[in-house]
Colleague: 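Below you will find the structure I want to go over with you.
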Amino acid sequence: MLRMSTLFLRTLRDDPADAEVASHRLLVRAGYIRRIAAGVYSWLPLGYLTFRNVERVVREEMDAAGFQEVHFPALLPREPYEQTQRWSEYGPDLFRLKDRKGADYLLGPTHEEMFTLMVKGEYSSYKDLPLSIYQIQTKYRDEPRPRSGIIRGREFVMKDSYSFDLTDEGLIDSYNKHRAAYVKTFDRLGLKYNIVSAVSGAMGGSGSEEFLAPCETGEDTYVLCEKCGYAANVEAMKTVVVPVDSKDIGALEEIDTPNTPTIDSLVEVLNAKFGGGFTGADTLKNVLLIADGKTICVLVPGDREVDLKRLQANLPGVQELRLFEDEDFAKNPHLVKGYVGPQGASKHSLPLYADPRIAPGSSWVTGANKKNAHARNVVNGRDFKVESYIDCAEVRAGDTCPKCANPVIIDRAIEIGHIFQLGRKYAQALDLTVLDSDGKSQVVTMGSYGIGVSRAVAAIAEQSHDEIGLCWPQEIAPAQVHIVATGKDDTPFDVAEKLALQCESSGLRVMLDDRRDASPGVKFKDAELIGNPIIVIVGKALADGKVEVRVRKTGERSEVLLADAVGAVSKLLV
RNA sequence: CGGGGCGUAGCGUAGUGGCUAGCGCGCCUGCUUUGGGAGCAGGAGACCGGGAGUUCGAAUCUCCCCGCCCCGACCA
């Protein structure tokens, strides 16, 4: 039983000045966490109970799915990460340190290498597969900008699993098992979430989905089609290419457009010249970039920006991407800033990547590749040739769903889980092979699956709070029932104590506010701030032999006979 | 790394060159109070982020450093 009289807890009346988002503010105020350094937090008793509840749910579901738990060190030697290039590729996000002999170590940001090597050390036959193992481990990433309390920390706890299969079909099967286990886990955690298609990013691999918990303070943006259920991270959102008939479009024609280096100024001139009707969407924006040292041109409708994240996600293999700067224009005199057009790009072997909205056959107004001139009737396929279609324009609410063509909505969310079909990248690099039934050596194919355990605590807090405090789902709350004794003499305290014991013996987790020196107001405020799902008040109503039972989330209150209290509480918790 | 902001007691804050750095919450002692963050009285607690400088005098002005928060870039 948690007794408030002795619990190591100090709640704060004011919001901490450095906390912005609800989860951070309330977890600090309610005495769950304390900041130690940027992105590094301690868990106090209430917080740690909550954290362990989340961890328990995750572990139970992993075990139930037949995955086996292991535990690696957080402190790791350099060598395995050298073999997969990540010692260098991971960059400054990797916490690196040296031991007294000067040998390189790191604090693990993720453990693909260790899992792969562990399996390699033990298994060598296809008969041992499939295998899925996991750990719940503290991870370290020296984030450029930790933020939002425990949502994005530099030290955090993650459950990471890895599956090992001989065949691609096997991988898909393991992937689906994890997916199902994740659904169960997040359902039990009481989280609202969407499963969205994602890009696999730095981890490599093919299929990848994210579990996103919608909330305003989330840092991921995703699209959702409310009609058909299509959901995707904006980076992975697909745009359908619809070719346009261009037979009736006249020949390319140059037009004088003095002093119109921007889309807005161009639209203005066009409308003045041709009697209106033009918008930014009729113009073609040619954005020049340097991709790994090579100049490329990206075509988007004039009313849209290029989304660099989407672009990079869809340009496979490109490590470094940046926009053209003035000095780049200076080096390339054929590219006239403000008047770039795709016609003639092939002459300079400039590759054109087009957003699918620049459909084959579509006609545009665009730059004429010389100052103060534009061209109209510039037709894709006739006047310029696109190297490939690539999703790269900013995504907007109301864009067309690639599945059912209805408008999509855009929402923000916290990423609470991510599942990948990694494939053979790590197994290849670390030479994890098994003998197949023909006695031939085969590279194993892997999946990787993560749940942010500490982040899930914050995500639940984000989704489950109100103005006055936290409102935990019962499985996660520090206690299921929070019993408050109020009054001057011993009776309510004795009754509350007895009731607490009864609740406990009927299997409930109980917190008892047995403080004699705190006023009722303080106890009520604390109970509401702490956020256990049921609050029972032993006080005034005792005169009628009753106690008051409150549901934290709904505010619903009722008085029940003392003898019926345990039953009433249990019933509300079902 | 770019832009903005902040750093004064455990927490929230006042104090823009001048006496012993002020207030609220929290904490300690005593009395009172006990259904919505109680009242009175007394008390403890601050190298004013650090260093250097300007000045008769610096929390306050200048420079450097450190730390933190927010936006952007970046990010399983």
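Side chains included, hydrogens not; waters and symmetry mates left out as well; all remaining heavy atoms used. Numbers restart at 1 for each chain; the letters A, B, ... are given by sequence-line order, proteins then strands.
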Colleague: Verify the ring-centre separation between A/F324 and A/F329: is it less than 6.0 angstrom?
Modeller: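 When the ring centroids of A/F329 and A/F324 are compared, they turn out to be within the sub-6.0 Å range.
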Colleague: Nearest to the side chain of A/K540, heavy atoms from C-beta on, is which of B/C75, B/C25, B/G35?
Modeller: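 When the side chain of A/K540 is considered, B/G35 is the closest of B/C75, B/C25, B/G35.
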Colleague: RNA chain B: A/G487 or A/T11, which has the more 5' nearest nucleotide?
Modeller: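 Between the two, 5'-proximity favours A/G487.
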Colleague: When rounded to the nearest Å, what value does the distance between C1' atoms of B/U13 and B/G51 take?
Modeller: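 My reading of the C1' atoms in B/U13 and B/G51 gives 27 Å.
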Colleague: Below 4.0 angstrom from OP1 or OP2 of B/C11, is there any side-chain N or O of A/R10?
Modeller: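 The answer is no; no side-chain N or O of A/R10 sits under 4.0 Å from OP1 or OP2.
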Colleague: Do A/E528 side-chain and B/G37 base share a donor-acceptor contact under 3.5 Å?
Modeller: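 By the distance-only test, no, there is no pair.
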Colleague: Write down the distance separating the C1' atoms in B/C75 and B/A52, rounded off to the nearest Å.
Modeller: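 These two C1' atoms come out 38 Å apart once rounded.
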Colleague: Who are the ring-ring contact (aromatic ring centres under 6.0 Å, His included) partners of A/Y140, not counting sequence neighbours?
Modeller: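 Checked A/Y140 against ring-ring contact (aromatic ring centres under 6.0 Å, His included); zero matches.
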Colleague: What does the B/S/- profile of nucleotides 69-74 of chain B look like, 5' to 3', with a 4.0 Å heavy-atom cutoff to protein?
Modeller: SSBBBB
Colleague: For the side chain of A/R557, starting at C-beta, report the closest nucleotide among B/C11, B/C75, B/G36.
Modeller: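 Given the options B/C11, B/C75, B/G36, the side chain of A/R557 is closest to B/G36.
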Colleague: Identify, with sequence neighbours excluded, every residue that meets side-chain hydrogen bond (donor to acceptor under 3.5 Å, both in side chains) alongside A/D411.
Modeller: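 For A/D411, the residues satisfying side-chain hydrogen bond (donor to acceptor under 3.5 Å, both in side chains) (neighbours in sequence not counted) are A/Y222.
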Colleague: Taking side-chain hydrogen bond (donor to acceptor under 3.5 Å, both in side chains) as the test, write out the residues that go with A/T262, two or more places apart.
Modeller: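 For A/T262 the side-chain hydrogen bond (donor to acceptor under 3.5 Å, both in side chains) partners, ignoring immediate neighbours, are A/S265.
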Colleague: Mind checking side chain to side chain contact (heavy atoms under 4.5 Å, CB included) for A/R145 and listing every partner two or more places apart, or none if nothing turns up?
Modeller: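 Partners of A/R145 by the side chain to side chain contact (heavy atoms under 4.5 Å, CB included) criterion, ordered by chain and then number, come out as A/R147.
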Colleague: Tell me which residues in residues 488-500 of chain A lie within less than 4.0 Å of RNA chain B, going by non-hydrogen atoms.
Modeller: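 Of all residues in residues 488-500 of chain A, the ones placing a heavy atom under 4.0 Å from RNA chain B are A/K488.
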Colleague: Cut-off 3.5 Å, side chains only: do A/E112 and A/T110 have a donor facing an acceptor?
Modeller: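 There is such a pair (donor and acceptor under 3.5 Å, judged by atom type) between the side chains of A/E112 and A/T110.
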Colleague: Mind checking the C1' distance from B/U60 to B/G17? Whole angstroms is fine.
Modeller: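 Comparing C1' positions in B/U60 and B/G17 gives a spacing of 7 Å.
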Colleague: Any donor-acceptor pair under 3.5 Å linking the side-chain atoms of A/E209 with those of A/S197?
Modeller: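 Checked: A/S197/A/E209 side chains show no N/O donor-acceptor pair below 3.5 Å.
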Colleague: Would you measure the distance from the C1' atom in B/C47 across to the matching atom in B/G30 and give it in whole Å?
Modeller: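 Per the computed distance, 33 Å lies between those C1' atoms.
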Colleague: Indicate, with a heavy-atom threshold strictly under 4.0 Å, whether A/R25 touches base, sugar-phosphate, or nothing.
Modeller: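 The residue A/R25 makes no contact with any strand.
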Colleague: Looking only at side chains, do A/T50 and A/Y32 share a donor and an acceptor under 3.5 Å apart?
Modeller: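 Not at all, the side chains of A/T50 and A/Y32 share no donor-acceptor pair under 3.5 Å.
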Colleague: How about A/F72 and A/F115: are their ring centres within less than 6.0 Å of each other?
Modeller: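 A/F72 vs A/F115: aromatic centres under 6.0 Å.
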Colleague: Answer with base, sugar-phosphate or nothing: what part of the nucleic acid does A/A527 contact at a heavy-atom distance below 4.0 Å?
Modeller: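 Answer is nothing: A/A527 stays at 4.0 Å or more from every strand.
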Colleague: Who passes side-chain hydrogen bond (donor to acceptor under 3.5 Å, both in side chains) against A/Q137, sequence neighbours left out?
Modeller: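 Testing A/Q137 for side-chain hydrogen bond (donor to acceptor under 3.5 Å, both in side chains), a comparison that skips the adjacent residues, returns none.
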Colleague: Is there a donor and acceptor pair, one atom on the side chain of A/R29 and one on the base of B/G37, closer than 3.5 Å?
Modeller: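 Per atom types, the contact qualifies.
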Colleague: If a stem is a run of at least 3 consecutive Watson-Crick or G-U pairs, both distances under 3.5 Å, which stems include RNA chain B?
Modeller: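 Detected stem regions: B:1-7 with B:66-72, B:10-13 with B:22-25, B:27-32 with B:38-43, B:49-53 with B:61-65.
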Colleague: Mind checking the C1' distance from B/U20 to B/G15? Whole angstroms is fine.
Modeller: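 Each nucleotide's C1' atom is 15 Å from the other's.
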Colleague: Using a strict cut-off of less than 4.0 Å between a Lys/Arg side-chain nitrogen and an Asp/Glu carboxylate oxygen, indicate whether A/E394 and A/R310 qualify as a salt bridge.
Modeller: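 So A/E394 does not pair with A/R310 through a salt bridge.
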Colleague: Establish whether the base of B/G12 is bridged to the side chain of A/D15 by a donor-acceptor pair shorter than 3.5 Å.
Modeller: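 Absent.
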Colleague: With sequence neighbours excluded, what pairs up with A/D544 under the side chain to side chain contact (heavy atoms under 4.5 Å, CB included) test?
Modeller: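 Once residues adjacent in sequence are excluded, the partners of A/D544 under the side chain to side chain contact (heavy atoms under 4.5 Å, CB included) criterion are A/K546.
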Colleague: Tell me, please, which residues at least two apart from A/Q83 pass side chain to side chain contact (heavy atoms under 4.5 Å, CB included).
Modeller: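 Checked A/Q83 against side chain to side chain contact (heavy atoms under 4.5 Å, CB included); matches are A/L430.
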Colleague: Sequence neighbours excluded, which residues qualify as side-chain hydrogen bond (donor to acceptor under 3.5 Å, both in side chains) partners of A/E143?
Modeller: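 Result, side-chain hydrogen bond (donor to acceptor under 3.5 Å, both in side chains) vs A/E143: A/R152.
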Colleague: Below 4.0 angstrom, which residues in residues 517-525 of chain A have at least one non-hydrogen atom near RNA chain B?
Modeller: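 Close to the strand are A/A518, A/S519, A/P520, A/G521, A/V522, A/F524, A/K525.
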Colleague: What is the distance, to the nearest angstrom, from the CZ atom on A/R13 to the P atom on B/C25?
Modeller: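 Result: 7 Å.
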